[in-house]
Amino acid sequence: MTEKVVVLGAGYAGAGAINTLQSELGEDARLTWIADVDYHLVLHEAHRVIRDPDVRSDITFPVEEIADPSTQFIQADVTGLDVDEQVVELADAEDVEYDYVLVALGSQTAYYGIPGLEEHSLTLKSLDDALEIHEAVKEASEEATRGEPAQVVIGGAGLSGIQTAGEIAEFRDNHRAPIEIHLVEALEEIFPGNDPEIQQALRDLLEDAGVQIHTDDPITEATEDHIEFDEGEPLEHDVLVWTGGITGRDALDDADLEKEHNRVNAEATFQTSEERVFAIGDSAIVDQGDQPAPPTAQAAWQAAEVVGENIARAIEGRPLKTWEFTDKGTVISVGEKAVAHEVKPALGLSLPVDTFGGKPAQTLKKLIAARWIASITSWNTARKSWSSL
Ligand SMILES: Cc1cc2nc3c(=O)[nH]c(=O)nc-3n(C[C@H](O)[C@H](O)[C@H](O)COP(=O)(O)OP(=O)(O)OC[C@H]3O[C@@H](n4cnc5c(N)ncnc54)[C@H](O)[C@@H]3O)c2cc1C
């Protein structure tokens, strides 16, 4: 009997899983890949597009460069998952039946019910989002003057917010544009929940880049032209970018699966409350004991390497492998600069310091993205993207 395996999403989780499934599945399985776009976006470099839209061609890769000819690709919006009927529901296309499905749809922005925030902010979850932020920043700076610079406010100082602020600072410098940049974080420090050493290193780079940092005061409301805080004075904005949190995709609203904030609970095998439904990446909360796997590209990428084998094992009725997330460290850019923290030694080399910047961190950041691109396409393709990473 032919087993129908369907993968939803073309991010790190989906593209990586397609790669492993293509080598793991036997002749008797049929692989279908569904995503709303016909390319893979290296989302963890999407902030580069805010500075320069031309970067887009170096961080997007057509699905046909990743998928084998035998893999069927359907470009469509997933609108639902009926786990009883075993069908994926699509907008403007026929339902797709599955024997096994992998949910890898990523996440969407969470607004936590803060009044006005969704209506008045831009977000960064796709290529179109990055292009929209670029246009908004450019337009606001064209209408501004040195005396009255454009106010660009970024809410949320995690990976996306920090790197977005860094790119807007590069845009300002490259175009001598009158822009004032504010990075706003509700918690006490930027890059919350991380080591104070990397927090300080990032703060130093952002402040050197002229980004004004506001911490320890949550946004309580957003209007067309300002945000209000719990305690501080309101802050005006011409452009407001919100990167303050994630939640699961609306497409999973009605899926009858165990979920938290619409993210699907999965065992360390990636199996969910329905044994024929697997989930990885930002769409999933993958059990790892005390803490679930983090919603990062790094975790999605590692999980994708194992999930293909586990789906093949499930088809064959063999026991599933248990996945363990390995934190290989963090590398974050602030414009052209970067900070690396607790990066696991590679090639037998040990690193004398926990946190470092300069050329080594910059090069490492490029290498990480290049290695990912090479793993789903080829080193030749990755080499062509190098200057934009
Ligand atoms: C600006 C920015 C910087 C970041 N920096 C880092 C970093 O430095 N390091 C790090 O580890 N992580 C970083 N992250 C986080 C990282 O990008 C995510 O954790 C990662 O993308 C999750 O991978 P994923 O495959 O689960 O989801 P995604 O990469 O978001 O992929 C989801 C896929 O599903 C598709 N899709 C979504 N909805 C639908 C639908 N309804 N129908 C069909 N298709 C759909 C999307 O088009 C996409 O192809 C960053 C994120 C951002 C936004």
Side-chain angles (χ1 to χ4, degrees), residues 6-18 33-50 59-61 63 66 73-81 88-93 96 102-109 123-130 133 154 156 158-167 191 202 241-246 248-253 255 262-264 279-286 293-304 307 325 327-334 338-341 364-365 368-369 372 376 389:
V6 178
V7 173
L8 311 180
Y12 303 83
I18 285 293
W33 189 13
I34 304 174
D36 56 352
V37 290
D38 60 357
Y39 54 80
H40 165 71
L41 166 69
V42 180
L43 183 61
H44 85 274
E45 295 293 346
H47 48 279
R48 308 290 192 193
V49 173
I50 299 174
I59 59 162
T60 50
F61 302 92
V63 288
I66 301 162
F73 178 76
I74 301 174
Q75 184 177 353
D77 234 317
V78 174
T79 52
L81 182 66
V88 178
E89 294 157 355
L90 304 178
D92 308 320
V96 175
L102 174 65
V103 179
L105 292 169
S107 55
Q108 63 190 47
T109 304
T123 189
L124 181 51
K125 280 284 162 197
S126 67
L127 180 61
D128 286 348
D129 291 344
I133 297 172
I154 300 131
L159 285 168
S160 324
I162 290 169
Q163 298 186 112
T164 295
E167 291 305 310
F191 204 30
L202 287 167
V241 181
W242 174 247
T243 63
I246 64 162
R249 292 279 182 197
D250 290 344
L252 299 171
D253 276 352
N262 237 9
R263 294 173 68 207
V264 184
I280 61 169
D282 283 10
S283 280
I285 300 186
V286 182
T296 60
Q298 189 188 153
W301 177 357
Q302 286 180 34
V307 75
F325 169 66
D327 187 351
K328 295 188 175 160
T330 308
V331 190
I332 306 181
S333 67
V334 176
V339 178
H341 180 67
L364 197 57
K365 175 92 174 141
I368 292 167
W372 164 251
I376 52 158
L389 302 173

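When reading the values below, keep in mind they use all heavy atoms of this one structure, side chains included, and skip hydrogens, waters and symmetry mates. Quick caveat: nothing in here was measured; it's all calculated off a predicted structure. Both ligands and their constituent atoms are indexed starting at 1 by order of listing.
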[X], portion touching ligand 1 at heavy-atom distance under 4.0 Å:
| X | value |
| --- | --- |
| Gln163 | side chain |
| Ala104 | backbone |
| Pro295 | backbone |
| Val37 | side chain |

Suppose I only count heavy atoms of [X] and a 4.0 Å limit; which atoms of ligand 1 are within that range?
| X | result |
| --- | --- |
| Gln298 | 11 (O) |
| Lys365 | 8 (O) |
| Gly281 | 26 (O) |
| Ala13 | 25 (O), 26 (O) |
| Ala10 | 33 (C), 34 (O), 48 (C), 49 (O) |
| His47 | 1 (C), 3 (C) |

[atom]: which protein heavy atom is closest, and how many Å away?
| atom | value |
| --- | --- |
| atom 6 (C) of ligand 1 | His44 CB, 3.3 Å |
| atom 20 (C) of ligand 1 | Tyr12 CD1, 3.6 Å |
| atom 43 (C) of ligand 1 | Asp36 N, 3.2 Å |
| atom 52 (C) of ligand 1 | Ser160 OG, 3.4 Å |
| atom 9 (N) of ligand 1 | Leu159 CD1, 3.9 Å |
| atom 31 (O) of ligand 1 | Gly11 CA, 3.2 Å |
| atom 39 (C) of ligand 1 | Leu105 CD2, 3.7 Å |
| atom 27 (O) of ligand 1 | Gly106 CA, 3.2 Å |

Please give me the minimum heavy-atom distance between [X] and [Y], naming the atom from each residue.
| X | Y | result |
| --- | --- | --- |
| Leu41 | Leu127 | CD2-N, 3.5 Å |
| Leu389 | Ile59 | CD2-CG2, 4.1 Å |
| Leu124 | Ala46 | CD1-CB, 4.4 Å |
| Ala369 | Glu45 | CB-OE2, 4.0 Å |

Taking both backbone and side-chain atoms of Asp77, is any N or O found less than 3.5 Å from an N or O belonging to ligand 1? yes
Can you confirm, on distance only, whether ligand 1 has an N/O atom lying under 3.5 Å from any N/O atom belonging to Val78? yes
With the side chain counted from C-beta on, respond yes when [X] and [Y] share a heavy-atom pair under 4.5 Å apart, and no when they do not.
| X | Y | result |
| --- | --- | --- |
| Ile246 | Arg263 | yes |
| Thr243 | Thr109 | no |
| Phe73 | Ile34 | no |
| Gln298 | Asp327 | yes |

Side chain to side chain contact (heavy atoms under 4.5 Å, CB included) with Asp36: which of Val78, Leu8, Asp77? Asp77
For [atom], which of [options] has the closest heavy atom?
| atom | options | answer |
| --- | --- | --- |
| atom 19 (O) of ligand 1 | Val88, Asp282, Ile368 | Asp282 |
| atom 38 (N) of ligand 1 | Arg249, Glu45, Gln108, Glu167 | Arg249 |
| atom 11 (O) of ligand 1 | Ala251, Ala35, Ala297, Ser283 | Ala297 |

Would Leu124 count as a contact residue for ligand 1, given that I'm defining contact as a non-hydrogen atom of the residue lying under 4.0 Å from a ligand atom? yes
Is there a heavy atom in Ala76 that sits closer than 4.0 Å to ligand 1? yes
Applying side chain to side chain donor-acceptor pair (under 3.5 Å) to His44 and Trp301, what does each step give before you reach the verdict? CA-CA 12 Å; His44 85 274; Trp301 177 357; over 6 Å; no
Residue list, ring-ring contact (aromatic ring centres under 6.0 Å, His included) with His47, at least two apart or on another chain: none
Aromatic rings Tyr12 and Trp372: how do their planes relate, parallel, tilted or perpendicular, breaks at 30° and 60°? tilted
In terms of side-chain heavy atoms, does Ser160 have a donor or acceptor partner in Lys125 at a distance below 3.5 Å? no
Set out, in order, the CA-CA distance, both residues' side-chain angles and the distance that settles side chain to side chain donor-acceptor pair (under 3.5 Å) for Thr79 and Glu89, then state yes or no. CA-CA 5 Å; Thr79 52; Glu89 294 157 355; 4.8 Å; no
Keeping Thr123 on the side-chain end and Trp242 on the backbone end, is there a donor-acceptor pair under 3.5 Å? yes
